[in-house]
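Computation of the quantities below employed the complete heavy-atom set of this structure, encompassing side-chain atoms and omitting hydrogens, waters and symmetry-equivalent molecules. Per chain, numbering begins at 1; letters A, B, ... match sequence-line order.
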Amino acid sequence: MSTRTSWADLAANSAAENVTAGSSASNGAVGTTSAPARAAYVPPHLRNRPASSEPPAAAYNGPISNNDRSGYGSGSRWGGPRNDYNRSGYGGGRAGGWGGRGGWDRGREREVNPFGDDDDTEQAFNELENSGINFDAYEDIPVETSGDNVPPPVNTFAEVDLGEALNQNIRRCKYVKPTPVQRHTIPISLAGRDLMACAQTGSGKTAAFCFPIISGIMRGQCPQRPLRGARTVYPLALILSPTRELSMQIHEEARKFSYQTGVKVVVAYGGAPINQQLRELERGVDILVATPGRLVDLLERARVSLQMIRYLALDEADRMLDMGFEPQIRKIVEQMDMPPPGVRQTMLFSATFPKEIQRLASDFLSNYIFLAVGRVGSSTDLIVQRVEFVHESDKRSHLMDLLHAQRANGVQGKQALTLVFVETKKGADSLEHWLCINGFPATTIHGDRSQQEREQALRSFKSGNTPILVATDVAARGLDIPHVAHVVNFDLPNDIDDYVHRIGRTGRAGKSGLATAFFNENNASLAKALADLMQESNQEVPAWLSRYAARSSFGGRNRRSGGGRFGGRDFRRDSSFSRGGSDYYGGGSGNAAYGGASGGHGGGYGPGVTSAWD
DNA sequence: AAAAAAG
């Protein structure tokens with residue numbers, strides 16, 4: 001047991017050793033020879049204990065001492081969140097079991113510190129501080145929840161017992177208090193409830209679903225993973241995202257949160273050699289972060305089984321369920337061996353949630369809670385949105401003007417980061433080339449580039465080496481790039497939700513940002529939605545855009561599904577209006593935020609709230 | 001129509 005493994009695998013393996021120890025079949029280490037006999041159930045207090053009575057501690061690198069689990073053993077294969085529900089007092093009196101102080105044995109020492117050098121964390125902290133969240137910007141965020149028995153939000157991390165190891169990582173991240181999405185999501189998730197959440201990325205969403213998952217895995221009943229094949233691994237949590245870079249980002253964050261908790265996070269995505277990912281998986285996995293294509297590949301090779309999944313989280317869930325992705329997601333969630341809704345716990349997140357997608361998504365959920373957190377950093381005052389009328393043929397020179405102006409007020413010789421969105425991959429390449437030959441260091445990211453090139457481009461942009469990144473929609477969602485000062489919609493998207501996601505790459509974590517859009521007659525279909533959105537976020541709407549909007553407003557398509565200050569509203573409200581169980585938590589003086597919206601779908605639940613397709 | 005995601 002020299003390599004790092006997840007604690008659950010360790011326990012499962014030693015359980016198997018227990019079973020085979022006295023038999024004639026015990027000739028090889030588990031995981032290297034032919035599949036051992038299927039392990040019988042081993043009570044938690046006996047797990048991880050060699051057949052002989054040597055002391056167990058040395059070989060165990062899990063987060064919880066063996067005895068800590070003794071109260072949990074129902075023997076159920078799904079020792080999952082549903083069981084957690086009634087454990088309101090859990091954790092109390094067993095605090096000593098958390099974190100495994102003194103238990104950092106050989107295996108644990110090899111865990112790379114994702115925060116940087118342990119003894120010199122200053123640098124890491126400064127780095128984190130720069131990308132830190134501006135909490136003041138969150139004070140007035142409106143929050144809306146609906147569903148049955150919604151657990152009340154928490155105001156501090158201390159109120160919830162996430163475990164000492166996790167708390168320490170929260171401190172390392174300098175998270176002082178939870179963001180609105182965290183305040184609501186954490187208690188909902190700890191209560192074992194399913195969740196559909198509308199919240200801007202950059203509002204602390206990743207932490208919001210990672211904390212309860214990590215905490216739940218740490219304290220959950222030690223799962224006994226079946227040993228179907230020695231090379232099959234059984235993650236307990238699955239986090240899916242639509243792009244490779246976003247999966248990488250989630251993985252990096254989750255690694256910080258799970259540092260020294262014994263919870264193992266592994267990432268798998270396409271475009272990279274699969275062998276290395278397979279090796280990582282073999283070393284044990286509790287939380288698997290993946291893109292759909294690579295995961296399907298792993299499932300078909302039977303290298304991953306979803307049989308033990310307790311937690312499923314879909315990031316950018318609306319994107320994951322749109323036409324391109326839906327079949328793959330259904331295959332993963334419904335047609336493989338994942339436990340059904342109600343058995344597993346499912347959490348869906350996105351900044352936008354069109355109602356037709358909500359309807360699809362409800363297939364994956366069981367008695368879920370809908371949570372909408374007012375947009376932060378996107379479509380609020382934090383991002384200044386400008387729209388300029390630019391003919392197709394003038395776009396390049398106009399961009400040049402913007403970049404020149406920006407260079408003039410660059411900070412300390414470093415040019416502010418500018419993210420330029422274009423419609424096509426070819427367009428991205430040609431614009432990048434043109435910028436470069438005109439003296440603007442630019443790079444590009446899109447799906448025709450190799451994964452190495454994509455990652456290199458992102459690094460080079462983040463570091464300021466090439467302060468201009470030309471991107472397709474691959475970079476539109478979820479990517480957290482600190483210090484993006486300016487998002488240029490060189491080509492506007494056809495879908496207003498895509499626009500929302502794109503401009504959300506600036507104004508991250510409550511900071512301010514600028515978004516400029518080049519609009520021309522080709523974008524007429526977006527005019528209405530764009531004008532409405534800008535109006536809702538107190539932006540100046542040019543008169544010419546309003547005229548376009550009035551002209552193209554007949555279509556009805558592209559109308560924002562939720563409207564108002566949220567990326568969406570619970571579609572269940574549409575069919576049954578005065579359904580009970582809804583609550584409104586105005587964060588502080590949030591009510592004021594409701595006043596300004598026009599057009600009848602600002603904040604009320606009245607008949608003005610209609611969906612785009614009913 | 002384009003983009004993404006498996007090779």
How many whole angstroms separate atom CE of A/M323 from atom P of B/dA4? 16 Å
In chain order, what residues pass the side chain to side chain contact (heavy atoms under 4.5 Å, CB included) check against A/A372, with sequence neighbours excluded? A/E144, A/C198, A/F370, A/F566
Name the nucleic acid region contacted by A/R454, choosing base, sugar-phosphate or nothing; use a 4.0 angstrom heavy-atom cut-off, strictly under. sugar-phosphate
Using a 4.0 Å heavy-atom cut-off, does A/E300 contact any base of the nucleic acid, only the sugar-phosphate backbone, or nothing at all? base
Considering only B/dA4, B/dA1, B/dA5, which nucleotide approaches the side chain of A/K425 most closely? B/dA4
Write out all pairs satisfying salt bridge (charged side-chain N to carboxylate O under 4.0 Å, His left out) with one or both partners inside residues 433-449 of chain A, taking only residues at least two apart or from two chains. A/K425-A/D448, A/R449-A/E453
From the options B/dA1, B/dA5, B/dA3, select the nucleotide whose nearest atom is closest to the side chain of A/T424. B/dA3
Are A/D315 and A/K205 ion-paired here, with the side-chain N under 4.0 Å from a carboxylate O? yes
For A/R244 and B/dA5, is the shortest distance between a side-chain N/O and OP1 or OP2 below 4.0 Å? yes
Whole angstrom value for the distance that separates P of B/dA2 from CD1 of A/I445: 20 Å
Quick one about A/R459 and A/Q456 (side-chain donor to acceptor, distance below 3.5 Å, no hydrogens or angles considered), yes or no? yes
Students often get this wrong, so: under 4.0 angstrom with heavy atoms, is A/G324 touching a base, only sugar-phosphate, or nothing? base
A/F421 CZ to B/dA3 C1': how many Å, rounded? 12 Å
Euclidean distance, atom CZ of residue A/R477 to atom P of B/dA5 [Å, nearest integer]: 13 Å
In this structure, how many angstroms lie between the P atom of B/dA2 and the CG atom of A/D497, rounded? 21 Å
Does the ring of A/Y548 carry A/R551 above it, NZ/CZ under 6.0 angstrom from centre and within 45° of its axis? yes
Nearest whole Å is fine: how far is B/dA4 P from A/D318 CG? 17 Å
Would you mind telling me which of B/dA2, B/dA5, B/dA4 lies closest to the side-chain atoms of A/T472? B/dA4
Whole angstrom value for the distance that separates C1' of B/dA5 from CZ of A/F325: 5 Å
Between C1' on B/dA2 and CG on A/N494, what's the gap in Å once rounded to a whole number? 8 Å
